[in-house]
Amino acid sequence: MSRAICEPTVAKRTATVFIISAPSGSGKSTLVALLMSADPRLRFSISYTTRKPRGTEKNGEGYVFIGREEFIARRDNGEFLEWAEVFGNFYGTHREVLDQAAAEGKDLLLDIDVQGARKLKESIPEAVTIFILPPSRDILEQRLRSRSEDSEEVIRRRLREAETEIRNYQQYDYVLVNSQLDESAAILAGIVKAERVRRQRMEEKIRPILESFESQAG
Ligand code: ADP
Ligand code: 5GP
């Protein structure tokens, strides 16, 4: 008998995938940063993008910044699990992010737009999708202005896009209205914790418990 057949099969751990989307200005980046610092079991999916770095953004931290030609070559090479054009720039999730998270024993958190979330949910139906929205249009406008990041024209465009994006809320498993920041952060952390103990994700933990009873039987 060959050695390979004798060895017990070790189930490959798969990362639980959490996908977060929101209209720009809803508070998604703020909430994702709070979640990432509160939950060391999460790995953030660093996307590839053709957009230029903003402010203090560094290559390889939030994004890998590449040119359009390189993006198209990587896309045509099948390197992305999903990709989309958002506000005139390309964004893509690299296929390796899932394996990297699984190898580290972590779950994966993706911050991607509604198109990307839809595509990824088709290929990973067990992915958990969360949509964050502002309490109202006026509050979204206030938040976009308070961030002091965008021109008047960009703010107008983001507000128009927000309506279209919000109409996609039905494709998500969870909808979180970001009113009070502390409360929203607690709810988000709660969703992640609850999803981890879903029965379907507990099989590996239940098996040794059952075995401990079986070995004492009689
Ligand atoms: P997004 O990543 O969705 O574009 P940001 O996280 O940049 O949004 O948040 C937009 C602005 O709103 C920021 O100035 C942020 O500090 C603020 N903000 C986020 N959540 C809240 C909240 N619950 N209450 C008040 N202000 C908030
Ligand atoms: P920003 O340029 O403001 O960081 O992001 C713009 C939009 O692109 C956000 O809605 C963000 O969620 C989305 N985004 C970032 N990375 C990806 C990605 O890899 N795929 C898709 N589909 N959207 C992404």
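Whatever order the structure lists ligands and atoms in, that order sets their numbers, starting from 1.
From the protein, the heavy atom lying nearest to atom 19 (O) of ligand 2 is S47 OG, 2.6 Å. Among all non-hydrogen protein atoms, the one lying nearest atom 20 (N) of ligand 1 is N178 ND2, 3.1 Å. In this structure, atom 7 (O) of ligand 1 lies nearest to the protein heavy atom R147 NH1, 3.1 Å. Given atom 13 (C) of ligand 2, the protein heavy atom at minimum distance is D113 N, 3.7 Å. Among protein heavy atoms, atom 7 (C) of ligand 2 sits closest to V86 CG1, 3.7 Å. Given atom 9 (C) of ligand 2, the protein heavy atom at minimum distance is K28 NZ, 3.6 Å. Protein heavy atom in closest approach to atom 12 (O) of ligand 2: D111 OD1, 2.6 Å. With hydrogens left out, the protein atom closest to atom 1 (P) of ligand 1 is G25 N, 3.4 Å, a heavy atom. Remark: minimum distance from atom 11 (C) of ligand 1 to any protein heavy atom is reached at R143 O, 3.6 Å. Nearest protein heavy-atom contact of atom 19 (C) of ligand 1 is G27 CA, 3.6 Å.
With respect to E141 and R156, a salt bridge is recorded, a charged nitrogen being found less than 4.0 Å from a carboxylate O. In this structure, R198 does not pair ionically with E126, as no charged nitrogen and carboxylate oxygen lie closer than 4.0 Å. Salt-bridge annotation for R167 and E163: present, with a side-chain N of the basic residue lying under 4.0 Å from a carboxylate O of the acidic one. Ion pair R196/D39 flagged as a salt bridge, since at least one NZ, NE, NH1 or NH2 atom sits closer than 4.0 Å to an Asp/Glu carboxylate oxygen. Under a 4.0 Å N-O distance rule, the pair R157/E153 does not qualify as a salt bridge.
The G92 neighbourhood of ligand 2 comprises atoms 18 (C), 19 (O), with distances under 4.0 Å to a heavy atom of that residue. Counting atoms of ligand 1 from 1 in the listed order, those under 4.0 Å from a heavy atom of S29 are 1 (P), 2 (O), 6 (O). Which parts of ligand 2 touch A84 is read off a 4.0 Å heavy-atom cut-off, strictly below it: atoms 22 (N). Counting atoms of ligand 1 from 1 in the listed order, those under 4.0 Å from a heavy atom of S24 are 4 (O). Interface of S146 with ligand 1, defined as ligand atoms under 4.0 Å from a residue heavy atom, comprises 14 (O). Shown in contact with S179 at under 4.0 Å from a heavy atom are these atoms of ligand 1, numbered in order with element: 22 (C), 23 (N), 24 (N). Listed by atom number, the atoms of ligand 1 under 4.0 Å from T30 heavy atoms are 5 (P), 6 (O), 9 (O), 15 (C), 19 (C). Every atom of ligand 2 is numbered from 1 in the order shown, and the set under 4.0 Å from a heavy atom of G116 is 22 (N).
When the heavy atoms of F87, F80, Y91 are ranked by distance to atom 6 (C) of ligand 2, first place goes to Y91. For atom 20 (N) of ligand 2, the candidate residues are E82, E165, Q115; the nearest heavy-atom contact is made by E82.
Between the side chain of D150 and the backbone N or O of I155, no donor-acceptor pair lies under 3.5 Å. No side-chain donor-acceptor contact under 3.5 Å links N178 to the backbone of S184.
When only modelled atom types and interatomic distance are considered, E79 and N77 share a side-chain donor-acceptor pair under 3.5 Å.
Note that R54 lies outside the cation-pi zone of Y63, set by a 6.0 Å cut-off to the ring centre and a 45° limit from the axis. Stacking of R74 on the aromatic ring of F80 is not recorded, the 6.0 Å distance cut-off and the 45° axial limit not both being met.
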T129/D173 under side chain to side chain donor-acceptor pair (under 3.5 Å): CA gap, chis, key distance, verdict | CA-CA 5 Å; T129 55; D173 299 317; 3.1 Å; yes

CA sep, side-chain torsions, deciding dist, call: D111, S45, side chain to side chain contact (heavy atoms under 4.5 Å, CB included) = CA-CA 7 Å; D111 167 347; S45 167; over 6 Å; no

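Considering both main-chain and side-chain atoms, Q180 never comes within under 3.5 Å of ligand 1 through any nitrogen or oxygen pair. Considering backbone and side-chain atoms alike, R51 places an N or O below 3.5 Å from some N or O of ligand 2. On a distance-only criterion, A22 and ligand 1 share no N/O pair closer than 3.5 Å.
Counting non-hydrogen atoms of other residues, nucleotides and ligands closer than 6.0 Å to CD of E104 gives a total above 12. For E69, the CD atom is loosely surrounded, since the number of other residues' heavy atoms within 6.0 Å does not exceed 12.
K28 approaches A22 most closely through the heavy-atom pair CB-CB, 3.8 Å. For the residue pair S24 and R147, the shortest heavy atom distance occurs at OG-NH2, 3.3 Å.
Residue contacts with ligand 2 leave out S21, since none of its heavy atoms falls under 4.0 Å from the ligand. Between R54 and ligand 2 there is a heavy-atom distance shorter than 4.0 Å.
Contacts of Y63 with ligand 2, taken as heavy-atom pairs under 4.0 Å, involve the side chain alone. At a heavy-atom distance under 4.0 Å, no atom of S184 approaches ligand 1.
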